[in-house]
Engineer: 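Starting off with a structure, shown below.
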2 protein chains.
Amino acid sequence: MSTELNGMPSPLTTSPRATMKDVAALAGVSLKTVSRVINEESTVNAEMVERVLAAASELRYQPNFGASALRRSDRRSSQIAVLLEDLSNPFSAAIYRSIEEVAMREGFTVLGASFDEDPSREPALVGTMIRHRVDGIVIAPASQEHAYLEVEQQAGTPIVFVDRPPVNLRADCVMSDSYAGSMEAVKHLAAQGHRRIAYLGDLSTIVTAQERFRGYRDALKELSLEQDPALMSKNLRTVEAAEAAVAAMLALDAPPTAIFTGQNLLTIAAVRALRTAGREYDVALVGFDDFLLADLLRPGVTVVAQDPWRIGQIAASLLFRRLRGEQGPAERMIVSTELRERGSGEIALS
Amino acid sequence: MSTELNGMPSPLTTSPRATMKDVAALAGVSLKTVSRVINEESTVNAEMVERVLAAASELRYQPNFGASALRRSDRRSSQIAVLLEDLSNPFSAAIYRSIEEVAMREGFTVLGASFDEDPSREPALVGTMIRHRVDGIVIAPASQEHAYLEVEQQAGTPIVFVDRPPVNLRADCVMSDSYAGSMEAVKHLAAQGHRRIAYLGDLSTIVTAQERFRGYRDALKELSLEQDPALMSKNLRTVEAAEAAVAAMLALDAPPTAIFTGQNLLTIAAVRALRTAGREYDVALVGFDDFLLADLLRPGVTVVAQDPWRIGQIAASLLFRRLRGEQGPAERMIVSTELRERGSGEIALS
DNA sequence: CTGAAAGCGCTTACAG
DNA sequence: CTGAAAGCGCTTACAG
């Protein structure tokens with residue numbers, strides 16, 4: 001397990017990094033010639049190219065992107081920012097990876113950061129990214145007011161919204177079809193005979209949570225099912241709160257026979273609550289957003305799946321299109337969801 | 001769902017970003033005075049501070065970190081790189097978030113990138129990060145040779161390894177105790193009476209995979225259990241391969257009665273294979289590394305849990321200590337694992 | 001094809 | 001307390 005090298009003192013000598021000037025001196029050419037070789041301009045004499053490359057390699061020269069960006073006319077930093085709610089949430093992580101893949105292909109690096117659903121951190125983090133002069137921003141916003149970003153757009157920094165739309169700002173946006181997906185979930189439950197379908201939802205300030213609730217309620221209306229406020233629980237922020245909400249509903253005189261959960265963690269909370277009550281084969285359940293191992297639970301959990309990889313690909317391609325100078329109006333892309341039947345959603349009304 | 005603003009043409013005007021010079025001109029002071037105010041040097045006249053801040057705010061001035069770093073004597077970019085195998089793997093994601101949290105507190109941003117277990121991408125990505133002049137690097141290496149990083153260390157860039165140790169390089173390192181954790185897992189299975197305990201492992205080139213196998217084998221030796229090569233499957237790279245390996249073992253004349261899996265995805269594969277064979281309540285299972293919902297499966301999956309959050313905290317604190325100039329020898333921190341009994345590992349030999 | 005001078009947006013080192 | 005000059009590591013714009 002242990003390498004002999006470890007435990008020995010680290011070298012105290014720090015040799016400063018070589019600059020282009022050092023390379024020029026060693027190769028016996030001018031600064032500008034080194035610059036040409038490093039940037040692969042074709043107009044340089046082959047012999048000089050060789051001399052410069054040898055010197056660069058001997059000094060282990062690494063060009064300074066930042067210094068180069070500062071002087072270049074495009075002033076591009078080759079960095080983009082990806083700001084998400086929580087990188088450790090699988091939905092966010094998949095979007096991040098998807099964008100990272102495109103960025104890498106385009107020669108860009110990604111500055112990533114998480115809001116943890118704290119709206120006040122949003123402008124602060126965006127500010128930090130702007131001070132680092134990122135060339136573009138992909139953001140799943142935590143706040144409800146984005147006018148402050150207009151000045152960044154006008155400074156030429158494209159901004160693409162994912163998962164949630166911009167408020168008071170014209171910007172490209174890629175989202176799942178929350179409304180249609182929720183409607184499909186509720187109709188699927190109704191098709192199994194259920195008439196008392198409960199709803200569990202995230203913070204109502206979040207636009208997607210509003211949309212999912214609207215899909216739920218409009219489906220009930222369309223199907224002429226009763227809308228019982230006792231079966232609707234919104235603003236659930238923790239797994240514990242969601243579990244308690246389900247337990248309370250199950251204890252009602254007229255309990256729900258089916259549940260639609262508007263989010264990942266709420267779905268898992270519902271599974272736990274149904275298990276605790278011993279009702280998991282009895283009360284139907286459909287969740288919005290898929291999660292790992294949903295198929296291995298018993299019963300398997302039926303979900304309306306989002307496609308975070310696709311959302312990321314579209315967002316990244318919009319961003320890089322803007323970076324290439326495309327000017328058109330702000331685009332709004334809606335990515336459809338997919339019902340995945342696994343058992344819990346197919347439990348019929350007994 | 002739709003904001004009226006969307007669909008309208010974006011503003012075509014791009015007003016360039018204000019510089020410190022612009023702020024100085026508007027405030028009627030010198031460049032240097034603006035610099036003093038922006039950097040909160042206390043020696044500035046209160047009235048001037050006000051004038052400068054008003055001008056900065058009117059122009060929506062955002063200082064340019066890169067330009068400032070270029071000239072400052074410390075030449076710090078306030079960026080660190082976090083290079084992991086795959087940010088969408090929960091283990092990596094937790095480490096990332098943990099480091100991000102410390103970095104943010106220290107006023108640093110994080111450049112994140114994933115290797116996807118491709119060793120050749122490692123030096124390439126590190127090179128990119130160096131060209132961006134990150135101040136430090138946290139890396140879960142994909143390669144088996146890190147001498148190339150010595151020049152970066154000597155240029156003053158601290159490098160901290162996580163999850164896997166450096167090879168041919170002296171550097172700080174934070175890892176789980178793979179050997180002890182694996183040994184504990186196997187002994188736990190043996191304590192339930194099992195004598196034919198199988199092993200499933202990741203690529204043998206990965207040091208942690210080697211350590212976990214060593215822990216497994218040494219436990220067998222210590223307990224005087226037979227070492228049957230037919231019960232050892234290494235170099236498993238996909239869930240499918242792992243499922244097939246388990247299926248093949250179960251079909252042996254002398255099948256295993258218990259399984260130890262050396263990694264996350266292999267554990268899930270084993271669960272699937274046991275389910276398919278209808279043996280999940282029959283063959284015991286302990287996995288290395290915990291995963292979400294392991295407790296909700298039936299039987300619950302017993303694991304040797306790592307503590308990625310803690311690994312990240314330690315790695316980040318080592319890194320920032322080095323950035324503050326601490327010189328001591330390279331440190332190797334071992335984070336202990338924790339056996340979590342949930343059912344699958346407590347199935348006794350029948 | 002090659003190079004000397006100027007300058008990107010800032011901070012340093014120095015005067016006043 | 002305030003500012004004019006020089007320079008960080010590069011590229012631009014121009015000469016030769």
Side-chain angles (χ1 to χ4, degrees), chain A residues 16-53 55-56 59-79 130-135 155-157, chain B residues 16-53 55-56 59-79 130-135 155-157:
Chain A
R17 225 176 264 291
T19 68
M20 206 172 249
K21 204 170 145 196
D22 301 327
V23 176
L26 182 61
V29 299
S30 77
L31 232 198
K32 179 63 218 182
T33 298
V34 178
S35 173
R36 286 197 179 94
V37 172
I38 296 297
N39 291 295
E40 297 179 308
E41 291 176 29
S42 54
T43 56
V44 189
N45 180 334
E47 191 213 330
M48 282 198 131
V49 171
E50 203 138 314
R51 245 163 59 204
V52 169
L53 289 180
L59 297 173
R60 309 205 182 251
Y61 172 67
Q62 293 275 21
N64 183 327
F65 266 13
S68 146
L70 184 59
R71 190 61 184 88
R72 253 179 295 120
S73 40
D74 63 6
R75 219 138 301 180
R76 286 279 166 82
S77 68
S78 296
Q79 298 189 143
I130 293 297
R131 288 189 283 280
H132 279 291
R133 295 295 186 270
V134 294
D135 297 330
T157 309
Chain B
R17 225 175 265 290
T19 69
M20 205 171 251
K21 203 172 145 193
D22 301 328
V23 176
L26 183 61
V29 300
S30 78
L31 231 197
K32 179 62 219 183
T33 296
V34 177
S35 172
R36 286 199 177 91
V37 173
I38 296 299
N39 292 295
E40 297 178 307
E41 291 175 30
S42 55
T43 56
V44 190
N45 180 333
E47 191 212 329
M48 283 198 132
V49 171
E50 202 138 317
R51 244 163 61 203
V52 168
L53 290 179
L59 297 173
R60 307 201 182 253
Y61 172 67
Q62 293 276 20
N64 183 328
F65 266 13
S68 145
L70 183 59
R71 190 61 184 90
R72 252 179 296 121
S73 39
D74 63 5
R75 219 137 301 178
R76 287 279 165 84
S77 69
S78 297
Q79 298 189 142
I130 293 297
R131 288 189 284 281
H132 278 291
R133 294 295 187 270
V134 294
D135 297 329
T157 308

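Note that the structure is predicted; figures quoted are calculated from it, not measured. So you know, we letter chains A, B, ... as the sequences are listed, proteins then strands, and number each from 1.
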Engineer: Starting at atom CD of B:Glu41, determine the distance to atom C1' of C:dT11, rounded to an integer number of angstrom.
Structural biologist: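 Atom CD in B:Glu41 sits about 9 Å away from atom C1' in C:dT11.
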
Engineer: Are any of A:Ser68's side-chain N or O atoms less than 4.0 Å away from OP1 or OP2 of D:dT11?
Structural biologist: yes

Engineer: Atom CD1 of B:Ile38 and atom P of D:dG3: how far apart are they, to the nearest Å?
Structural biologist: 15 Å

Engineer: Any non-hydrogen side-chain atom of A:Thr157 less than 4.5 Å from a side-chain atom of A:Asp135?
Structural biologist: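 In short, these two side chains do not touch, never coming nearer than 4.5 Å.
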
Engineer: Who does C:dA4 pair with, Watson-Crick or G-U, both distances under 3.5 Å?
Structural biologist: none

Engineer: So if I take every side-chain heavy atom of B:Ala67 and compare against D:dT12, C:dC10, C:dT11, which nucleotide ends up nearest?
Structural biologist: C:dC10

Engineer: Rounding to an integer number of Å, can you tell me how far A:Asp74 CG sits from C:dC8 P?
Structural biologist: 15 Å

Engineer: Ignoring the backbone of B:Arg71, work out which of C:dC10, D:dG3, D:dA13 is nearest its side chain.
Structural biologist: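 The listed nucleotide nearest to B:Arg71's side chain is C:dC10.
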
Engineer: The side chain of B:Leu70 lies closest to which of these nucleotides: D:dC8, C:dT2, D:dT11?
Structural biologist: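 That would be D:dC8.
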
Engineer: With nearest nucleotide decided by heavy atoms, which residue, B:Arg72 or B:Gly28, maps closer to the 5′ end of DNA chain D?
Structural biologist: B:Gly28

Engineer: Take atom NZ of A:Lys21 and atom P of C:dA4, then tell me their distance rounded to the nearest Å.
Structural biologist: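 Atom NZ in A:Lys21 sits about 13 Å away from atom P in C:dA4.
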
Engineer: Going by an N to O cut-off under 4.0 Å, is there a salt bridge joining B:Arg76 and B:Asp74?
Structural biologist: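 Result for this pair is no, no salt bridge flagged.
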
Engineer: Of the nucleotides D:dT11, C:dC8, C:dT11, which one has an atom closest to the side chain of B:Asn39?
Structural biologist: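 In terms of side-chain proximity for B:Asn39, the closest of D:dT11, C:dC8, C:dT11 is C:dT11.
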
Engineer: What is the distance, to the nearest angstrom, from the CG atom on A:Leu31 to the P atom on D:dT11?
Structural biologist: 9 Å

Engineer: Which is true for A:Tyr61 with a 4.0 Å heavy-atom rule: it touches a base, it touches only sugar-phosphate, or it touches nothing?
Structural biologist: sugar-phosphate

Engineer: Atom CZ of B:Phe65 and atom C1' of C:dT11: how far apart are they, to the nearest Å?
Structural biologist: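 That distance rounds to 15 Å.
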
Engineer: Does either side chain, that of B:His132 or that of A:Gln79, offer a donor lying less than 3.5 Å from an acceptor on the other one?
Structural biologist: yes

Engineer: Reckon B:Ser30 has a side-chain N or O less than 4.0 Å from the OP1 or OP2 of D:dT2?
Structural biologist: no

Engineer: It should be established whether A:Asn64 places a side-chain nitrogen or oxygen under 4.0 Å from OP1 or OP2 of nucleotide D:dC8.
Structural biologist: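 Checking A:Asn64 against D:dC8: no side-chain N or O falls below 4.0 Å of OP1 or OP2.
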
Engineer: Whole angstroms only, please: what is the NZ-P distance between B:Lys32 and C:dG16?
Structural biologist: 18 Å

Engineer: Please state whether the base of D:dG9 and the side chain of B:Arg133 form at least one donor-acceptor pair under 3.5 Å?
Structural biologist: no

Engineer: DNA chain C: A:Val29 or B:Val34, which has the more 5' nearest nucleotide?
Structural biologist: A:Val29

Engineer: Hey, is CD on B:Glu41 packed in by over 12 heavy atoms from elsewhere, all under 6.0 Å?
Structural biologist: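 Buried by this count: over 12 neighbours within 6.0 Å.
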
Engineer: Considering residues, nucleotides and ligands other than B:Arg60, do more than 12 of their heavy atoms fall under 6.0 Å from its CZ?
Structural biologist: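 No, because the 6.0 Å sphere around CZ of B:Arg60 holds 12 heavy atoms or fewer from other groups.
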
Engineer: Considering every strand and a 4.0 Å limit on heavy-atom distances, what is the contact class for A:Arg75: base, sugar-phosphate, or nothing?
Structural biologist: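 The residue A:Arg75 makes sugar-phosphate contact but no base contact.
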
Engineer: In whole angstrom, what separates B:Met48's CE from D:dG3's C1'?
Structural biologist: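 These atoms are roughly 9 Å apart.
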
Engineer: Can you tell me the pairing partner of C:dA13 across any strand shown, Watson-Crick or G-U wobble, with both distances under 3.5 angstrom?
Structural biologist: none

Engineer: For a 4.5 angstrom cut-off between non-hydrogen side-chain atoms, does B:Arg133 reach A:Phe65?
Structural biologist: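 Answer no - side chains too far apart.
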
Engineer: For D:dT2, does OP1 or OP2 lie under 4.0 Å from any side-chain N or O of B:Thr33?
Structural biologist: no

Engineer: With nearest nucleotide decided by heavy atoms, which residue, B:Arg36 or B:Pro63, maps closer to the 5′ end of DNA chain C?
Structural biologist: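 Taking each residue's closest nucleotide, the earlier one in sequence belongs to B:Pro63.
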
